[in-house]
Undergrad: 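There's a structure below that I have some questions on.
In what follows, every chain begins at residue 1, and chains take the letters A, B, ... in the order their sequences are listed.
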Amino acid sequence: MVRTRVAPSPTGDPHVGTAYMALFSYCYAKQHGGQFLLRIEDTDTARSTAKSEQAIIDSLHWLGLDWDEGPDCGGSKGPYRQSERLPVYQEYAEQLLENDHAFHCFCTAERLQQMRAEQKQNGQTARYDGLCAGLSAQQVTERKAAGAESVIRMKVPSEGVCIVEDALRGSIEIEYAQIDMQVLVKADGFPTYHLAVVVDDHLMEISHIIRGEEWINSAPKHQLLYGYFGWQMPELIHMPLLRNPDKSKLSKRKNPTSISFYKDMGYLPEALLNYLGMLGWSMPGGEERFSLDDMIDQFDISRISLGAPVFDVTKLKWLNGRWLREVLDEDGFAARLSEWVYNRDKLMQIIPLVKERVDVFSDLGKMISFFVEGMPDLGPDDFDYKGAVTEQQVKVLQFSLWLMEGDIDWHSSALQQGLVALAEAMDMKIRDFLKPLFIAVSGKPVSPPLFDSLVVLGPEISRGRLRHALAVLGGVSKKKLKKLDSEFKTLS
RNA sequence: GUCCCCUUCGUCUAGAGGCCUAGGACUCCAGGUUUUCAUCCUGGCAACGGGGGUUCGAAACCCCCAGGGGACGCCA
């Protein structure tokens, strides 16, 4: 039985890279008549949020990548949220300890940092030096009794070569000496990714792991753990990483990476999926427009190319256009359009903002057009008003963007509070402060109330517009960004 | 720095030793259709990273180099 999974961590916006892995995992499972599951990897207590988990679930459902088992729908191998499986990991960590495959480690962060720095300086791979590996049971007990914090690390052979099989690349050889004695259980008692993923994939009977290439280097650790437990290793399929136009790993600083951004911009889920499918994979017949079902029918991992593809929004846009005009008839188009923006929920959000400002319906057009625009059509001239200082505007926009990228509740009052506080910290009148934001967000010097508008637009589009405005104003150099960053930090 | 992965037009890709004077698509340019624009159609620009092998024959196989990317966390 083929069983695949996608296992995102609920930190921040749901990423197109997650959708990419989910798509390939889904296709592989479905093609083989197997199951696809969703597991939430929330073992990082500091960064995981329920909000993010919900956003991931919503985004993947929007795309139509539905799972057979998961935290929202249950299943026989649950729970599917790692924070709810703590006793399970504890049991297996205990087992490793008993069989001498793991050990307690009391090293401090400072010591580890120093050790790594020295190793790197000596041209070695940074790796735990094994100081605590030889501690006796008695020593461990004593130190614990004395209240010392500790973690559990896995043991790794000091010699030899580990060979992991990748379904796309064949054998990959990595010397054990290169492999770190990974922490398996943190001081807070939570497992790290490495322990949790192995235990869960085995218990959930995952047969094929489709994940990003970034994981290749930790595959030996996982294989070692499978060996320690006496479990069968699943097939490994490492997908190439999606990249920014500058070839670095796809990141939100350089490219919109959030699935909801594309949803809010008015892309069709079918088109996004289709585009993701053509990155690193192609239909045997060379068709560029294909549906999820087409992909499942024709899927074949031997058609995956290994060069990491650049996520090119221009081509995605063209593809979306094809779906819009070639696949949808007029009824379908109308249905999708109202689903996107002219739905009742959205209108009910917008109406309170414009009702007082309108005499006849025909006044409405120019007032609300910015709610349905992607990026407003802006030029530097639009920021040229009485008393305008570009330098200052850039600062306002960049600082506001950072504020909005932070952990802020996307509600009118929270946004108002945050921005007003920022204006005060910058010693600016709120009116002057808000002006460039109005222009950036609405494309006009006047618009319905800003904070409420931001809420209607949503975080993705709002941030996108601020970035767009910054670019219109000439962009911010790396050097300047650094300077602004330190200034921003002193303010907040 | 150490280790790992990758390498065909600017970008996404086809290519499983002869069908390759390397095909398609996006972008861009030129032309046509269209009252405008868009769509659509036609055409054009543009690539096998370099060097060694193997072979009658290499974009494809092997080796070296270079370039790019990734990993080196009590993040995932």
Undergrad: In terms of side-chain heavy atoms of Thr192(A), which of rA14(B), rA76(B), rC4(B) is nearest?
TA: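 Selected nucleotide (nearest to the side chain): rA76(B).
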Undergrad: Under a 3.5 Å limit for both distances, which nucleotide forms a Watson-Crick or G-U wobble pair with rC61(B), could you say?
TA: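 Result: rG53(B).
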Undergrad: Among rG70(B), rC6(B), rC72(B), which is the nearest nucleotide to the side chain of Glu214(A)?
TA: rG70(B)
Undergrad: Kindly point out which of rC74(B), rU13(B), rU11(B) is positioned nearest to the side chain of Arg153(A)?
TA: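 Closest nucleotide to the Arg153(A) side chain: rC74(B).
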Undergrad: Do the side-chain N or O atoms of Arg243(A) get closer than 4.0 angstrom to the phosphate oxygens (OP1, OP2) of rC6(B)?
TA: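 Negative; the distance criterion is not met.
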Undergrad: What's the closest nucleotide to the side chain of Leu306(A) if the choices are rC6(B), rC12(B), rU2(B)?
TA: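 When the side chain of Leu306(A) is considered, rC6(B) is the closest of rC6(B), rC12(B), rU2(B).
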Undergrad: How long is the line joining CE of Met239(A) and P of rC5(B), in whole Å?
TA: 18 Å
Undergrad: Under a 3.5 Å cut-off for both distances, is rA38(B) Watson-Crick or wobble paired, and to whom?
TA: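 The answer is none; no pair meets the criterion.
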Undergrad: Determine the contact category for Arg303(A): base if any of its heavy atoms lies under 4.0 Å from a base atom, sugar-phosphate if only primed atoms, P, OP1 or OP2 are that close, otherwise nothing.
TA: sugar-phosphate
Undergrad: Answer whether the closest heavy-atom distance between the side chains of Asp200(A) and Gln82(A) falls below 4.5 Å.
TA: yes
Undergrad: Could Glu214(A) and Lys249(A) be called an ion pair, given the rule that one side-chain N must be under 4.0 Å from one carboxylate O?
TA: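 Yes, charged N to carboxylate O under 4.0 Å.
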Undergrad: With nearest nucleotides of RNA chain B determined for Asp42(A) and Tyr275(A) from heavy-atom distances, which residue corresponds to the more 5′ nucleotide?
TA: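 First, find each residue's nearest nucleotide; the 5'-ward one identifies Tyr275(A).
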Undergrad: Ring of Tyr128(A), cation from Arg153(A) - is the NZ or CZ under 6.0 Å from the centre and inside 45° of the axis?
TA: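 Yes, a cation-pi geometry holds between Arg153(A) and Tyr128(A).
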Undergrad: Could you give all pairs that pass the ring pair (Phe, Tyr, Trp, His ring centres under 6.0 Å) test and reach residues 68-94 of chain A, with sequence neighbours left out?
TA: Tyr92(A)-Phe229(A), Tyr92(A)-Trp231(A)
Undergrad: Just name whichever nucleotide pairs with rC72(B), Watson-Crick or G-U, keeping both distances under 3.5 Å, else none.
TA: rG1(B)
Undergrad: Do the rings of His222(A) and His194(A) sit parallel, tilted or perpendicular, given the 30° and 60° boundaries?
TA: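 Correct class here is tilted.
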Undergrad: Looking only at atom types and distance, does a side-chain atom of Asp294(A) sit under 3.5 Å from a main-chain N or O of Ser291(A), one as donor and one as acceptor?
TA: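 Such a contact is found between Asp294(A) side chain and Ser291(A) backbone.
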Undergrad: For Thr43(A), report the nucleic acid contact type (base, sugar-phosphate, nothing); a contact means any heavy atom under 4.0 Å.
TA: sugar-phosphate
Undergrad: If you look at every strand shown and take non-hydrogen atoms under 4.0 Å, does Glu173(A) touch a base, only sugar-phosphate, or nothing?
TA: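 Touches sugar-phosphate only.
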Undergrad: Want to settle it: does Lys249(A) or Thr11(A) sit nearer the 5' end of RNA chain B, counting the closest nucleotide to each?
TA: Lys249(A)
Undergrad: Should Arg463(A) and Glu405(A) count as side-chain neighbours, where that means a heavy-atom distance under 4.5 Å?
TA: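 Arg463(A) reaches Glu405(A) side chain to side chain.
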Undergrad: Answer yes or no: does a side-chain N or O of Ser282(A) lie under 4.0 Å from OP1 or OP2 of rA14(B)?
TA: yes
Undergrad: Give one of base, sugar-phosphate or nothing for Val310(A), where a contact means two heavy atoms less than 4.0 Å apart.
TA: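 Sugar-phosphate, backbone atoms only, no base.
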Undergrad: So do the side chains of Val156(A) and Pro220(A) get within less than 4.5 Å of each other, counting heavy atoms only?
TA: no
Undergrad: Between Gln139(A) (side chain only) and Ser136(A) (backbone N and O only), is there a donor and an acceptor less than 3.5 Å apart?
TA: yes
Undergrad: Classify the nucleic acid contact of Thr125(A) as base, sugar-phosphate or nothing, counting any heavy atom under 4.0 Å across all strands shown.
TA: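 The answer is base, as Thr125(A) lies within the cut-off (heavy atoms under 4.0 Å) of a base atom.
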Undergrad: Reading nucleotides 22-33 of chain B 5' to 3', which nucleotides get B (base under 4.0 Å from a protein heavy atom), which S (sugar-phosphate only), which -?
TA: --BBSS------
Undergrad: Look through every strand shown and name the nucleotide pairing with rG67(B) as Watson-Crick or G-U wobble, where both distances are under 3.5 Å.
TA: rC6(B)
Undergrad: I would like to know whether Phe290(A) and Trp281(A) meet ring pair (Phe, Tyr, Trp, His ring centres under 6.0 Å); could you show each step before the answer?
TA: CA-CA 12 Å; Phe290(A) 51 88; Trp281(A) 187 79; 5.8 Å; yes
Undergrad: Does a nitrogen or oxygen in the side chain of Lys186(A) sit under 4.0 Å from OP1 or OP2 of rC75(B)?
TA: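 So the side chain of Lys186(A) is within the cut-off, an N or O lying under 4.0 Å from OP1 or OP2 of rC75(B).
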Undergrad: Among residues 100-117 of chain A, which ones have heavy-atom contacts with RNA chain B below 4.0 Å?
TA: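 Those residues are Cys107(A), Arg116(A).
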Undergrad: Is there a Watson-Crick or G-U wobble partner for rA25(B) with both distances under 3.5 Å, and if so, which one is it?
TA: rU11(B)
